[in-house]
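Working notes, structure below.
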Amino acid sequence: MLNTLIDITERKESEEKLKHYYLQLEAKNKELEQFAFIASHDLQEPLRTISSFTELLNEEYAPTFDENANKYVHFISQSANRMRHLITGLLEYSRLGSKRVLKQTDSNEILKNVIQNLHSAIKESGAVVKAKHLPVLMAYPLEMELLFQNLIGNAIKFRKKDVVVEVNITAEKTSNEWQFTFTDNGIGIDEKYFEKIFLLFQRLHSRNTHEGSGIGLSHCKKIVELHNGKIWVESKSGEGSTFYFTIPNIC
Ligand code: ADP
């Protein structure tokens with residue numbers, strides 16, 4: 001009897017602790033998001049000033065520039081452009097989901113929209129996107145569209161040279177969730193980077209070979225977590241990748 005009481009008390013204590021840690025984590029995440037929003041919002045203003053004065057410099061003084069001056073001004077505008085991309089990405093990241101609306105969402109419709117949005121990339125690369133029996137489920141449709149778009153966009157971006165891109169999408173229902181897979185036949189990812197790629201601004205390639213800012217997969221992670229799901233990848237370098245994510249079934 002005494003043992004049972006001690007057991008229950010201990011279990012209650014550890015549940016309380018867990019709840020406390022969870023609330024702390026949630027507060028920290030909110031704080032971080034707020035910080036990202038303010039920082040990215042405020043950084044836009046000085047960046048605009050740098051860009052517009054560099055433009056003026058170019059317009060009014062370009063004839064007097066020597067080769068070096070031309071090069072320096074070009075580097076400044078290139079970096080300012082890149083910074084604008086990063087700041088916009090950060091801003092979008094912190095805003096992501098703030099206006100989310102949970103709805104019956106047809107993932108076939110989502111895929112149709114995404115294929116339209118990626119029309120030129122798909123046409124240019126000749127990519128083939130195949131999907132079977134995608135479900136209608138309760139989800140945040142706009143966020144789901146961004147999720148599909150990032151995963152398909154990456155499959156096209158990180159394709160193998162001289163191989164036609166194929167993306168296969170599946171969805172399977174278990175007792176309490178939908179599990180989606182996005183499989184490509186691209187360059188693949190080494191196991192040691194499986195976690196790193198989902199972090200903000202983390203990339204495995206230089207901008208010279210693949211454009212990007214390392215934000216896409218952190219968006220995906222945030223979107224899946226807004227749905228209380230999980231996202232992960234399985235891959236082998238050189239042998240394509242499969243991205244998995246789950247969306248709890250709440251209807
Ligand atoms: P970005 O695409 O801007 O580089 P992401 O956050 O979308 O940023 O991806 C992070 C990194 O993960 C990429 O730089 C790339 O190295 C790797 N990656 C993502 N998707 C794929 C894929 N389908 N195949 C191979 N590598 C990928």
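Read the numbers this way: they start at 1 and go in the same order the structure lists the ligands and their atoms.
Shortest non-hydrogen contact noted between G97 and E143 is CA-OE2, 3.5 Å. Heavy atoms only, all atoms of each residue included: M138 and Q104 are closest at SD-N, 3.5 Å. The nearest pair of heavy atoms linking I223 to M144 is CG2-N, 4.4 Å. The nearest pair of heavy atoms linking Y193 to I189 is CB-CG2, 4.0 Å. Of all the heavy atoms in V101 and P141, the pair that sits closest is O-CD, 3.3 Å.
Per-residue contacts place I215 under 4.0 angstrom from the following atoms of ligand 1 (heavy atoms of the residue considered): 6 (O), 8 (O). Heavy-atom proximity to G188, at under 4.0 Å, picks out these atoms of ligand 1: 25 (C). Those atoms of ligand 1 with a heavy atom of K157 less than 4.0 angstrom away are 1 (P), 2 (O), 3 (O). For ligand 1, the atoms sitting less than 4.0 Å from at least one non-hydrogen atom of D184 are 22 (C), 23 (N), numbered in the order shown with element in parentheses.
Counting heavy atoms from C-beta outward, Q149 and L118 have side chains that approach closer than 4.5 Å.
Scanning the protein heavy atoms around atom 11 (C) of ligand 1, the nearest turns out to be I197 CG2, 3.8 Å. What sits closest to atom 4 (O) of ligand 1 on the protein, heavy atoms only, is R203 NE, 2.6 Å. In terms of protein heavy atoms, atom 16 (O) of ligand 1 is closest to H205 ND1, 2.9 Å. Looking only at heavy atoms of the protein, atom 7 (O) of ligand 1 is closest to N154 ND2, 2.9 Å. For atom 10 (C) of ligand 1, the closest non-hydrogen atom on the protein side is Q202 O, 3.4 Å. Here the protein heavy atom with the shortest distance to atom 13 (C) of ligand 1 is F158 CZ, 3.4 Å. Summary of contacts: the protein heavy atom closest to atom 26 (N) of ligand 1 is I189 CG1, 3.3 Å.
Considering backbone and side-chain N/O of L217, one or more are found under 3.5 Å from N/O of ligand 1. Between G214 and ligand 1, at least one N/O pair is under 3.5 Å apart.
With L134 as the fixed residue, the side-chain contact (heavy atoms from CB on, under 4.5 Å) test singles out one of N108, D106, I110, T170: N108.
Using the six-membered ring where Trp is involved, F148 and F182 have ring planes that are perpendicular, over 60° apart on the 30 and 60° scheme. Relative ring orientation between F198 and F243 is described as perpendicular, the plane-to-plane angle rising above 60° on a 0-90° scale split at 30° and 60°. The aromatic rings of F37 and H41 lie parallel to each other, with less than 30° between the two planes, well short of the 60° mark.
Look at S241 and you'll find a heavy atom under 4.0 Å from some atom of ligand 1. Note on ligand 1: N150 sits outside its first shell, no heavy atom being nearer than 4.0 Å. For the pair F243 and ligand 1, a heavy-atom separation below 4.0 Å is found.
Residue contacts with ligand 1 for L151 are absent, since no atom lies close enough (heavy atoms, distance under 4.0 Å).
Cluster membership for F245 and L217, using ILVMFWY side-chain heavy atoms within less than 4.5 angstrom, is shared.
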